[in-house]
Amino acid sequence: MTTLLFPGSFDPFTRGHRDIARRASRVCDKLYVAVMHNDAKNHFFSRDERVYMATESLKAYPNIEVVGYDGLLVDVYKETGCNAVVRGIRSESDFRYEAEMALANRLLHPEYDVVLLPCRDDLSLISSSIVKEVGHYGGDISKMVPAEIVDFISEKLKKGRN
Ligand code: COA
């Protein structure tokens with residue numbers, strides 16, 4: 001059985017994330033989507049809210065399970081017994097970042113491996129930061145995030161503005 005792990009901070013979950021999860025789920029038996037903490041980012045949504053958004057967005061895919069995790073990526077990697085991590089890459093700078101992360105994770109756990117999926121062209125300019133900025137000013141985010149979570153994100157961003 002092939003198991004993959006798609007980790008991210010998903011602050012918030014976007015259509016780009018869903019596309020990577022959907023494509024990864026087609027090449028494995030089971031895909032774990034791990035909602036994690038990125039120390040380099042100041043998360044706007046709580047971990048429970050990020051888990052909720054990923055779960056709602058992925059409920060159509062029976063072999064995907066969303067989990068929230070606070071520790072190191074290599075620990076959830078070991079706990080899920082996955083064969084590799086999946087990450088989406090948009091650009092050369094993403095590639096460099098992913099290569100550095102893979103190196104660090106392999107030092108912590110020699111079995112660690114990663115599969116990089118190029119993002120779909122039309123979704124590669126969508127980022128969690130852009131969603132937050134557009135939503136913060138009351139703009140339409142419906143083409144950026146899955147339909148199931150548009151209202152949830154818009155409301156929360158509007159409240160954050162007050
Ligand atoms: N697929 C993925 N991301 C996409 C994308 C796509 N198709 N298109 C655009 N993106 C964007 C995301 O929206 C996000 O935008 P942002 O920078 O504006 O937030 C960015 O690319 C990537 O964010 P995300 O996918 O949410 O992941 P991340 O880079 O924040 O996640 C962790 C990093 C959580 C995996 C990493 O910090 C981690 O492993 N943390 C655990 C602690 C640990 O083990 N640290 C040691 C690591 S060496």
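Every number for a ligand or one of its atoms is a count from 1 in the order of the listing. Computed from a prediction, not measured in an experiment: that's the story for all the values here.
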Within-cut-off N or O pair, Phe6 and ligand 1, under 3.5 Å: no

salt_bridge(Arg18, Glu148) N-O dist < 4.0 Å: yes

Distance-only N or O hit between ligand 1 and Asp11, under 3.5 Å: no

Region of Lys41 engaging ligand 1 - heavy atom pairs below 4.0 Å: side chain

Residue list, ring pair (Phe, Tyr, Trp, His ring centres under 6.0 Å) with Tyr112, at least two apart or on another chain: Tyr77

Part of Ile20 with heavy atoms under 4.0 Å of ligand 1, whether side chain, backbone, both or neither: side chain

Per-atom contacts, ligand 1 versus Tyr97 - under 4.0 Å to a heavy atom: 29 (O), 33 (C)

N or O contact, Thr14 vs ligand 1, cut-off under 3.5 Å: no

4.0 Å protein heavy-atom contact status of atom 32 (C) of ligand 1, strictly under: no

For atom 42 (C) of ligand 1, the protein heavy atom that lies nearest, with its residue and separation: Gly71 O, 3.8 Å

Polar side-chain atom of His43 near backbone of Asn38 as donor-acceptor pair, under 3.5 Å: yes

Candidate with minimal heavy-atom separation from atom 16 (P) of ligand 1, of Ser129, Ala102, Ala21, Ala34: Ser129

Structural part of Ser127 in contact with ligand 1, heavy atom criterion under 4.0 angstrom: both

Nearest non-hydrogen protein atom, atom 13 (O) of ligand 1: Ser128 N, 2.8 Å

Atoms in ligand 1 flagged as close to Leu72, the criterion being non-hydrogen separation under 4.0 Å: 43 (C), 44 (O)

Close N or O approach (Phe10, ligand 1; < 3.5 Å): yes

Under 4.0 Å to a heavy atom of His37 - the qualifying atoms of ligand 1, by number: 34 (C), 37 (O), 40 (N), 41 (C)

Proximal candidate to atom 21 (O) of ligand 1 [heavy atom criterion; set Arg90, Arg120, His43, Arg106]: Arg90

Co-members of the apolar cluster containing Met101 [side chain, <4.5 Å]: Tyr97

Heavy atom of the protein closest to atom 25 (O) of ligand 1 (residue, atom name, distance): His17 NE2, 3.0 Å

Check: Asn83 side chain, Leu4 main-chain N or O, donor-acceptor pair, under 3.5 Å: no

Distance-only polar pair, side chains of Asp140 and Ser142, donor-acceptor under 3.5 Å: yes

Enumerated ligand 1 atoms positioned under 4.0 Å from heavy atoms of Met36: 34 (C), 41 (C)

Sidechain-backbone polar pair: Arg106 side chain, Glu111 backbone, donor-acceptor under 3.5 Å: no

Whether Asp113 side chain and Val85 backbone form a donor-acceptor pair below 3.5 Å: no

Plane angle bin for Phe152 and Tyr52 - parallel if under 30°, tilted between 30 and 60°, otherwise perpendicular: tilted

Interatomic distance, Arg23 atom CZ to Phe6 atom CZ [nearest 0.5 angstrom]: 10.0 Å

Residue, atom name and distance, where the atom is the protein heavy atom closest to atom 36 (C) of ligand 1: Met101 SD, 4.1 Å

Part of Ile126 with heavy atoms under 4.0 Å of ligand 1, whether side chain, backbone, both or neither: backbone

Distance-only N or O hit between ligand 1 and Arg87, under 3.5 Å: yes

Basic-acidic side-chain contact under 4.0 Å: Arg15, Asp19: no

Lys41/Asp11 ion pair, N-O < 4.0 Å: no

Ligand 1 N/O within reach of Cys119 N/O, cut-off under 3.5 Å: no

